[in-house]
Amino acid sequence: TKLILLDSLLQEKSDKDMEHILDETVPSEDLKKFEQKYHEELNNGEVSSIAQFEYAWCLVRSKYSADVRKGILLLEELFRNRDEENKRDYLYYLAIGNTKLKEYTTARKYVRALLQVEPGNRQAQELEAIVTKRLERDGMVGMAVAGGAALAFGGLVGLGIALAGKSALKK
(Lines give C-alpha, C1' and ligand atoms only; values in the text may rest on other atoms or scores of the structure.)
Protein backbone atom coordinates (compact mmCIF):
# COMPACT_ATOMS: atom_id res chain seq x y z
CA THR A 1 0.00 0.00 0.00
CA LYS A 2 2.95 2.38 0.57
CA LEU A 3 3.97 1.95 -3.06
CA ILE A 4 0.43 2.69 -4.27
CA LEU A 5 0.27 5.81 -2.07
CA LEU A 6 3.66 7.01 -3.34
CA ASP A 7 2.59 6.40 -6.95
CA SER A 8 -0.65 8.31 -6.28
CA LEU A 9 1.27 11.26 -4.77
CA LEU A 10 3.70 11.31 -7.70
CA GLN A 11 0.79 11.30 -10.18
CA GLU A 12 -0.87 14.16 -8.28
CA LYS A 13 2.38 16.18 -8.40
CA SER A 14 2.75 15.35 -12.07
CA ASP A 15 -0.83 16.48 -12.78
CA LYS A 16 -0.13 19.75 -10.93
CA ASP A 17 3.02 20.27 -13.04
CA MET A 18 1.01 19.78 -16.22
CA GLU A 19 -1.76 22.04 -14.89
CA HIS A 20 0.95 24.66 -14.32
CA ILE A 21 2.08 24.31 -17.94
CA LEU A 22 -1.52 24.72 -19.10
CA ASP A 23 -2.04 27.78 -16.90
CA GLU A 24 1.29 29.41 -17.72
CA THR A 25 1.07 32.66 -19.67
CA VAL A 26 3.78 34.20 -21.78
CA PRO A 27 5.36 37.44 -20.53
CA SER A 28 4.30 40.28 -22.86
CA GLU A 29 7.92 41.27 -23.54
CA ASP A 30 8.65 37.75 -24.83
CA LEU A 31 5.59 37.83 -27.06
CA LYS A 32 6.60 41.22 -28.46
CA LYS A 33 10.19 40.09 -29.07
CA PHE A 34 9.20 36.94 -30.98
CA GLU A 35 6.37 38.69 -32.80
CA GLN A 36 8.83 41.34 -34.02
CA LYS A 37 11.31 38.67 -35.17
CA TYR A 38 8.53 36.79 -37.01
CA HIS A 39 7.26 39.94 -38.77
CA GLU A 40 10.78 41.04 -39.75
CA GLU A 41 11.34 37.70 -41.47
CA LEU A 42 7.87 37.83 -43.01
CA ASN A 43 8.61 41.29 -44.44
CA ASN A 44 11.90 39.96 -45.86
CA GLY A 45 9.99 37.31 -47.77
CA GLU A 46 10.69 34.10 -45.86
CA VAL A 47 9.97 33.06 -42.28
CA SER A 48 12.26 30.43 -40.79
CA SER A 49 10.76 27.45 -38.97
CA ILE A 50 12.46 28.63 -35.79
CA ALA A 51 10.97 32.14 -35.92
CA GLN A 52 7.52 30.77 -36.71
CA PHE A 53 7.71 28.18 -33.94
CA GLU A 54 8.94 30.66 -31.33
CA TYR A 55 6.15 33.08 -32.17
CA ALA A 56 3.54 30.29 -32.21
CA TRP A 57 4.90 28.95 -28.90
CA CYS A 58 4.39 32.39 -27.33
CA LEU A 59 0.92 32.80 -28.82
CA VAL A 60 -0.23 29.41 -27.53
CA ARG A 61 0.83 30.49 -24.03
CA SER A 62 -1.10 33.80 -24.25
CA LYS A 63 -4.01 34.57 -21.95
CA TYR A 64 -6.04 35.68 -24.98
CA SER A 65 -7.92 33.01 -26.92
CA ALA A 66 -7.47 34.89 -30.23
CA ASP A 67 -3.68 34.68 -29.74
CA VAL A 68 -3.92 30.98 -28.87
CA ARG A 69 -5.92 30.35 -32.07
CA LYS A 70 -3.36 32.23 -34.14
CA GLY A 71 -0.58 30.18 -32.53
CA ILE A 72 -2.44 26.97 -33.37
CA LEU A 73 -2.75 28.04 -37.02
CA LEU A 74 0.99 28.73 -37.20
CA LEU A 75 1.78 25.38 -35.58
CA GLU A 76 -0.57 23.53 -37.94
CA GLU A 77 1.20 25.12 -40.88
CA LEU A 78 4.59 24.11 -39.47
CA PHE A 79 3.34 20.57 -38.90
CA ARG A 80 2.05 20.23 -42.46
CA ASN A 81 4.81 21.98 -44.37
CA ARG A 82 8.10 21.97 -42.50
CA ASP A 83 10.85 19.72 -41.23
CA GLU A 84 10.13 16.31 -39.79
CA GLU A 85 12.45 16.50 -36.80
CA ASN A 86 10.37 19.06 -34.86
CA LYS A 87 6.94 17.51 -35.43
CA ARG A 88 6.95 16.24 -31.86
CA ASP A 89 7.11 19.81 -30.53
CA TYR A 90 4.43 20.96 -32.96
CA LEU A 91 2.08 18.18 -31.86
CA TYR A 92 2.72 18.87 -28.18
CA TYR A 93 1.97 22.59 -28.42
CA LEU A 94 -1.01 21.94 -30.69
CA ALA A 95 -2.38 19.76 -27.88
CA ILE A 96 -1.57 22.43 -25.27
CA GLY A 97 -3.23 25.19 -27.31
CA ASN A 98 -6.38 23.20 -27.98
CA THR A 99 -6.59 22.23 -24.31
CA LYS A 100 -6.37 25.91 -23.33
CA LEU A 101 -9.27 26.62 -25.73
CA LYS A 102 -11.24 23.71 -24.23
CA GLU A 103 -11.14 21.94 -27.59
CA TYR A 104 -10.48 18.66 -25.79
CA THR A 105 -11.35 16.27 -28.62
CA THR A 106 -8.87 18.01 -30.93
CA ALA A 107 -6.27 18.21 -28.14
CA ARG A 108 -6.62 14.48 -27.50
CA LYS A 109 -6.16 13.78 -31.23
CA TYR A 110 -2.84 15.67 -31.22
CA VAL A 111 -1.55 14.19 -27.97
CA ARG A 112 -2.43 10.67 -29.14
CA ALA A 113 -0.59 11.29 -32.41
CA LEU A 114 2.44 12.27 -30.35
CA LEU A 115 2.09 9.14 -28.21
CA GLN A 116 2.01 7.01 -31.38
CA VAL A 117 5.50 8.27 -32.18
CA GLU A 118 6.76 8.46 -28.57
CA PRO A 119 4.70 6.08 -26.42
CA GLY A 120 6.97 6.64 -23.40
CA ASN A 121 6.71 10.44 -23.47
CA ARG A 122 5.76 11.28 -19.88
CA GLN A 123 4.58 14.84 -20.59
CA ALA A 124 2.32 13.59 -23.37
CA GLN A 125 0.94 10.86 -21.10
CA GLU A 126 0.19 13.42 -18.38
CA LEU A 127 -1.40 15.78 -20.87
CA GLU A 128 -3.56 12.99 -22.28
CA ALA A 129 -4.76 12.11 -18.77
CA ILE A 130 -5.73 15.72 -18.06
CA VAL A 131 -7.41 16.18 -21.44
CA THR A 132 -9.39 12.96 -20.97
CA LYS A 133 -10.41 13.98 -17.45
CA ARG A 134 -11.56 17.41 -18.65
CA LEU A 135 -13.36 15.90 -21.63
CA GLU A 136 -15.25 13.52 -19.34
CA ARG A 137 -15.99 16.30 -16.81
CA ASP A 138 -17.27 18.66 -19.50
CA GLY A 139 -19.27 15.81 -21.02
CA MET A 140 -20.93 15.20 -17.66
CA VAL A 141 -21.64 18.91 -17.24
CA GLY A 142 -23.04 18.99 -20.77
CA MET A 143 -25.27 16.02 -20.05
CA ALA A 144 -26.48 17.64 -16.82
CA VAL A 145 -27.30 20.88 -18.66
CA ALA A 146 -29.07 18.96 -21.43
CA GLY A 147 -30.92 16.88 -18.84
CA GLY A 148 -31.98 20.02 -16.99
CA ALA A 149 -33.17 21.62 -20.22
CA ALA A 150 -35.15 18.50 -21.12
CA LEU A 151 -36.69 18.44 -17.63
CA ALA A 152 -37.63 22.13 -17.89
CA PHE A 153 -39.12 21.59 -21.36
CA GLY A 154 -41.05 18.58 -20.09
CA GLY A 155 -42.38 20.68 -17.20
CA LEU A 156 -43.52 23.41 -19.59
CA VAL A 157 -45.24 20.89 -21.86
CA GLY A 158 -46.95 19.35 -18.83
CA LEU A 159 -48.05 22.77 -17.62
CA GLY A 160 -49.36 23.60 -21.10
CA ILE A 161 -51.36 20.37 -21.23
CA ALA A 162 -52.75 20.96 -17.76
CA LEU A 163 -53.82 24.52 -18.65
CA ALA A 164 -55.33 23.36 -21.93
CA GLY A 165 -57.23 20.63 -20.11
CA LYS A 166 -58.45 23.10 -17.49
CA SER A 167 -59.72 25.56 -20.14
CA ALA A 168 -61.43 22.70 -22.02
CA LEU A 169 -63.27 21.70 -18.82
CA LYS A 170 -64.59 25.26 -18.39
CA LYS A 171 -66.28 25.15 -21.81
Side-chain angles (χ1 to χ4, degrees), residues 1-42 46-143:
T1 57
K2 285 183 182 180
L3 192 56
I4 293 170
L5 182 60
L6 179 62
D7 190 43
S8 174
L9 288 172
L10 288 173
Q11 183 60 43
E12 188 176 310
K13 181 188 179 324
S14 168
D15 285 352
K16 285 181 181 169
D17 290 345
M18 183 54 63
E19 293 283 353
H20 173 74
I21 289 170
L22 290 168
D23 292 338
E24 176 187 34
T25 57
V26 64
S28 60
E29 57 272 6
D30 285 355
L31 180 57
K32 286 176 187 164
K33 178 176 79 172
F34 291 113
E35 181 179 29
Q36 182 179 2
K37 181 179 175 186
Y38 173 81
H39 284 292
E40 283 173 8
E41 289 190 16
L42 189 61
E46 191 172 337
V47 178
S48 68
S49 295
I50 292 169
Q52 186 168 337
F53 175 74
E54 289 172 336
Y55 182 41
W57 172 70
C58 287
L59 288 167
V60 164
R61 294 169 37 236
S62 172
K63 60 184 171 185
Y64 303 108
S65 61
D67 285 350
V68 176
R69 287 185 199 289
K70 185 175 182 180
I72 287 170
L73 290 173
L74 292 171
L75 287 166
E76 286 173 339
E77 182 185 320
L78 283 167
F79 184 78
R80 280 191 309 272
N81 303 324
R82 301 290 180 109
D83 55 280
E84 292 293 315
E85 77 183 49
N86 293 315
K87 287 202 181 229
R88 173 224 173 268
D89 294 326
Y90 305 152
L91 286 171
Y92 179 74
Y93 283 103
L94 281 164
I96 293 284
N98 280 283
T99 302
K100 288 182 82 164
L101 293 176
K102 298 182 177 164
E103 300 286 342
Y104 301 126
T105 303
T106 305
R108 189 163 60 175
K109 177 184 77 171
Y110 285 122
V111 79
R112 285 184 173 168
L114 175 55
L115 286 168
Q116 287 289 315
V117 180
E118 293 184 20
N121 185 314
R122 189 121 168 109
Q123 278 186 308
Q125 292 169 352
E126 292 166 10
L127 182 56
E128 182 187 32
I130 287 173
V131 167
T132 300
K133 190 184 327 178
R134 289 182 180 186
L135 188 61
E136 289 169 357
R137 180 192 67 208
D138 283 10
M140 294 300 223
V141 168
M143 285 192 305

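Atom set for the values below is all heavy atoms of this structure, side chains included, hydrogens, waters and symmetry mates excluded. For clarity, every value in this text was computed on a predicted model and none was experimentally measured.
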* Asked: Do the non-hydrogen side-chain atoms of Leu91 and Val111 ever get within less than 4.5 Å of each other?
  -> no
* To do: Give the C-alpha distance, both sets of side-chain angles, the deciding distance and a yes or no for side chain to side chain contact (heavy atoms under 4.5 Å, CB included) between Lys37 and Glu54.
  => CA-CA 9 Å; Lys37 181 179 175 186; Glu54 289 172 336; 3.0 Å; yes
* Would you sort out whether Tyr55 and Val47 count as a side chain to side chain contact (heavy atoms under 4.5 Å, CB included), showing the intermediate values? => CA-CA 11 Å; Tyr55 182 41; Val47 178; over 6 Å; no
* Asked: Would you say the side-chain atoms of Asn121 pair up with the backbone N or O of Ala124, donor to acceptor, closer than 3.5 Å?
  -> yes
* Asked: Between Glu128 and Arg108, is the closest basic N to carboxylate O distance under 4.0 Å?
  -> no
* **Verdict with reasoning, Tyr110 to Glu103, per side-chain hydrogen bond (donor to acceptor under 3.5 Å, both in side chains)** => CA-CA 11 Å; Tyr110 285 122; Glu103 300 286 342; over 6 Å; no
* **Minimum side-chain heavy-atom gap Lys63-Thr25 below 4.5 Å** => yes
* CZ on Phe34 to CZ on Phe53, rounded to 0.5 Å -> 10.0 Å
* To do: To the nearest 0.5 Å, tell me how far Trp57 CH2 sits from Leu31 CG.
  => 11.0 Å
* To do: Considering non-hydrogen atoms only, spot the tightest contact between Ala95 and Leu127 and give its length.
  => CB-CD2, 3.6 Å
* Structure fact -> Heavy-atom closest pair (Tyr104 atom, Val131 atom, distance to 0.1 Å) is O-CG1, 3.4 Å
* Asked: Counting heavy atoms not belonging to Glu29, are there more than 12 under 6.0 Å from its CD?
  -> yes
* Asked: Would one find more than 12 heavy atoms of other residues, nucleotides or ligands at under 6.0 Å from atom CD1 of Ile50?
  -> no
* Could you go step by step and tell me if Glu118 and Tyr92 meet the side chain to side chain contact (heavy atoms under 4.5 Å, CB included) rule? -> CA-CA 11 Å; Glu118 293 184 20; Tyr92 179 74; over 6 Å; no
* **Heavy-atom side-chain proximity of Ser49 to Tyr90 below 4.5 angstrom** => yes
* Residues Glu35, Cys58; criterion side chain to side chain contact (heavy atoms under 4.5 Å, CB included); working and verdict -> CA-CA 9 Å; Glu35 181 179 29; Cys58 287; over 6 Å; no
* Asked: So which heavy atom on Leu115 is nearest to which on Gln125, and how close?
  -> CD2-CG, 3.8 Å
* Structure fact -> Minimal heavy-atom distance between Gly97 and Val68, with the atoms involved, is O-CG1, 3.5 Å
* Quick one: does NZ or CZ of Lys87 land under 6.0 Å from the six-membered ring centre of Phe79, within 45 degrees of the ring axis? -> yes
* Residue pair Lys32 / Pro27, side-chain heavy-atom distance below 4.5 Å -> no
* Non-hydrogen atoms of Lys70 and Leu59 that approach each other most closely -> CG-CD1, 3.9 Å
* **Spacing of Leu94 atom CG and Leu78 atom CG [to the nearest 0.5 Å]** => 9.0 Å
* Asked: Could you state the interatomic distance from CZ (Arg137) to OG1 (Thr132), rounded to the nearest 0.5 Å?
  -> 12.0 Å
* Structure fact -> Of all heavy-atom pairs linking Ser65 and Leu101, the shortest is CB-CD2, 3.6 Å
* Counting distance only, does the side-chain N/O of Gln52 pair as donor-acceptor with the main-chain N or O of Leu74 below 3.5 Å? -> yes
* **Atom pair CD1/CD1 of Ile130 and Ile96 - distance to nearest 0.5 Å** => 8.5 Å
* Asked: Which distance, rounded to the nearest 0.5 Å, do you find between the CD of Gln123 and the CZ of Arg88?
  -> 6.0 Å
* To do: Test side-chain hydrogen bond (donor to acceptor under 3.5 Å, both in side chains) on Asp67 and Ser62 and set out the steps.
  => CA-CA 6 Å; Asp67 285 350; Ser62 172; 2.9 Å; yes
